[in-house]
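By convention in this document, chain letters (A, B, ...) are assigned in the order of the sequence lines, proteins followed by strands, and residues within each chain are numbered from 1.
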Protein chains: 2
Amino acid sequence: MQKIPEATIGRLSVYSRYVGSLEKKGILTVSSAEIAEGVNGSPAQVRKDLAYFGEFGTRGVGYNVESLNQQIIKILGLSIRWNVVIIGAGNLGSALTQYKGFQNRGFNTLAVFDNDVNKVGLKISGVPIYPIDRLEEFVKKENIQIGIVAVPFQYAQEVVDRLVKAGIKAVLNFAPCVISVPSQVEIRNVDLTVNLEILTFNMGANKF
Amino acid sequence: MQKIPEATIGRLSVYSRYVGSLEKKGILTVSSAEIAEGVNGSPAQVRKDLAYFGEFGTRGVGYNVESLNQQIIKILGLSIRWNVVIIGAGNLGSALTQYKGFQNRGFNTLAVFDNDVNKVGLKISGVPIYPIDRLEEFVKKENIQIGIVAVPFQYAQEVVDRLVKAGIKAVLNFAPCVISVPSQVEIRNVDLTVNLEILTFNMGANKF
């Protein structure tokens, strides 16, 4: 299969959530134009994105909603449920623990880890906060595949190193710094400040 | 000036925070190798990124820390303070309101807006929660340039339309949907679920 652009993967994730909402309403077929309208995209883009994975649709009829969603879910690696830990029980870590967008897509947050003794032992919406010392043991024992890092940047590389040693497969890093991982570990950085500063750059770009 | 890749802008934001931390420590000069080490990047990349904006450094001496940081701050549009509102006082909106990464870079969150009467009148770390009905009036009166949208996706386009009508210049959207804005308004989407699903896709990609 040809290499799929990351932007396409991102849009598939959006299409899938929209098509999933149609499935819940009992709708059986959907056209690329309807998907495009539902996600504020263009029909040509929808068709192009779905074409990376072969022909799902029937001309004039559209896509079978259930089958299309199942295929996208499979492509995105979401046929299985993923076990997740979140490191950092601050504002952002707490918000991510309670974020329904993750739960709805099959991500199970089993625990949050923090080094603050005042937080350890508490729960965030039912998810326990454990001491950071127990991180490696828990990741191994519970076969955690994904770690979400929401600690201050000074601690982020150390936390990721510990996750990697414990056998984590992927890291979603919210700490505002660049993190090194071995090539077999997937990493994505979501730097919230970078996103704001790209906006302010673009607002001011015409001044140069 | 040639068009600067968005990835470069993102890295400038990271460099700037690192160089700013050196400035606070009283350090006067820094080499590209030192910046690279501080942000886990490569010296060649640092030099290439900074070269987009002309020569800041002196061969063999490095960059003047204060002057380099001032230049990047100016490039990123951060010489002025930006007034921000956050729409949505849920978990994510609350976390963003308290996010120190924004405050540290000169973003002033003046208010949070929500339609929940039980939240209106409360404060989040000193920032007042106002009723959504007052959004347009507040944006106009306080000359708000940036709106951060953290509402459920069903309401996101409507909220952005209201922000645009009130004169907002840029939107950072966390709702998991595609939002339309007029061409003069800058928008960035941070879809947290997309980021996780790109990871799970990449983990499973070798299965196709």
Side-chain angles (χ1 to χ4, degrees), chain A residues 1 4 6 9-14 16-18 39-41 75-78 82 84 90-92 94-99 101-102 104-105 107 145-146 148 153 157 169-172 176-180 186-188 190-205 207-208, chain B residues 1 4 6 9-14 16-18 39-41 75-78 82 84 90-92 94-99 101-102 104-105 107 145-146 148 153 157 169-172 176-180 186-188 190-205 207-208:
Chain A
M1 196 171 69
I4 301 151
E6 202 167 271
I9 304 301
R11 284 191 297 267
L12 286 176
S13 167
V14 174
S16 167
R17 279 173 275 169
Y18 177 65
V39 304
N40 248 337
I75 288 162
L76 294 174
L78 301 174
W82 295 93
V84 176
N91 293 319
L92 188 59
S94 300
L96 294 169
T97 306
Q98 298 171 79
Y99 189 60
F102 293 162
N104 293 343
R105 298 291 280 175
F107 296 98
Q145 297 103 347
I146 301 173
I148 299 179
F153 75 94
Q157 182 68 56
K169 301 287 184 300
V171 172
L172 186 60
C177 56
V178 183
I179 298 288
S180 303
E186 298 290 335
I187 188 161
R188 278 188 76 79
V190 183
D191 187 324
L192 301 175
T193 307
V194 160
N195 280 286
L196 259 185
E197 297 188 359
I198 289 174
L199 283 177
T200 54
F201 170 81
N202 287 338
M203 283 191 274
K207 282 183 283 180
F208 292 99
Chain B
M1 195 172 67
I4 300 151
E6 203 168 88
I9 304 302
R11 284 190 297 267
L12 286 177
S13 167
V14 174
S16 167
R17 279 172 276 169
Y18 177 67
V39 304
N40 248 336
I75 288 162
L76 293 174
L78 302 174
W82 295 94
V84 175
N91 292 320
L92 189 60
S94 300
L96 294 170
T97 305
Q98 297 172 80
Y99 189 61
F102 292 162
N104 292 342
R105 298 291 280 176
F107 296 99
Q145 298 101 348
I146 300 174
I148 298 179
F153 75 93
Q157 182 67 56
K169 300 286 185 299
V171 172
L172 186 60
C177 56
V178 183
I179 298 288
S180 303
E186 297 290 335
I187 188 161
R188 279 188 75 80
V190 182
D191 187 323
L192 302 175
T193 306
V194 161
N195 280 286
L196 259 185
E197 297 189 359
I198 290 174
L199 284 177
T200 55
F201 170 81
N202 287 338
M203 283 192 273
K207 283 184 280 180
F208 292 98

Decide side-chain contact (heavy atoms from CB on, under 4.5 Å) for I146(B) and M203(A); before the verdict, give the C-alpha distance in whole Å, the side-chain angles of both, and the deciding distance to 0.1 Å.
-> CA-CA 10 Å; I146(B) 300 174; M203(A) 283 191 274; 3.7 Å; yes
Show your working on side-chain contact (heavy atoms from CB on, under 4.5 Å) between L12(B) and F201(A) and close with a plain yes or no.
-> CA-CA 10 Å; L12(B) 286 177; F201(A) 170 81; over 6 Å; no
Check the pair F153(A), R17(B) against side-chain contact (heavy atoms from CB on, under 4.5 Å), reporting the backbone distance first and the verdict last.
-> CA-CA 11 Å; F153(A) 75 94; R17(B) 279 172 276 169; over 6 Å; no
Starting from the C-alpha separation in whole Å, work towards a yes-or-no answer on side-chain contact (heavy atoms from CB on, under 4.5 Å) for F107(B) and T200(A).
-> CA-CA 10 Å; F107(B) 296 99; T200(A) 54; 3.6 Å; yes
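Interface residue V171(A): only backbone heavy atoms are found under 4.5 Å from chain B. Only the side chain of L96(A) comes within contact range of chain B, with heavy atoms under 4.5 Å apart.
Among the candidates E6(B), Q157(B), R11(B), Q98(B), the residue making the largest number of heavy-atom pairs closer than 4.5 Å to chain A is Q98(B). For the set N195(B), L78(B), N104(B), the count of heavy-atom pairs under 4.5 angstrom toward chain A peaks at N195(B). Put simply, of L172(A), T97(A), L92(A), the one with the most heavy-atom pairs under 4.5 Å next to chain B is L172(A). When the candidates L199(B), I179(B), I148(B), I9(B) are compared by the number of heavy-atom contacts under 4.5 Å with chain A, L199(B) comes out ahead. For chain B, the option among G90(A), P176(A), S94(A), C177(A) with the highest count of heavy-atom pairs below 4.5 Å is P176(A).
A 4.5 Å side-chain heavy-atom check between R188(B) and I198(A) finds at least one atom pair inside the cut-off.
The shortest heavy-atom contact between S13(B) and V194(A) is OG-CG2, 3.6 Å.
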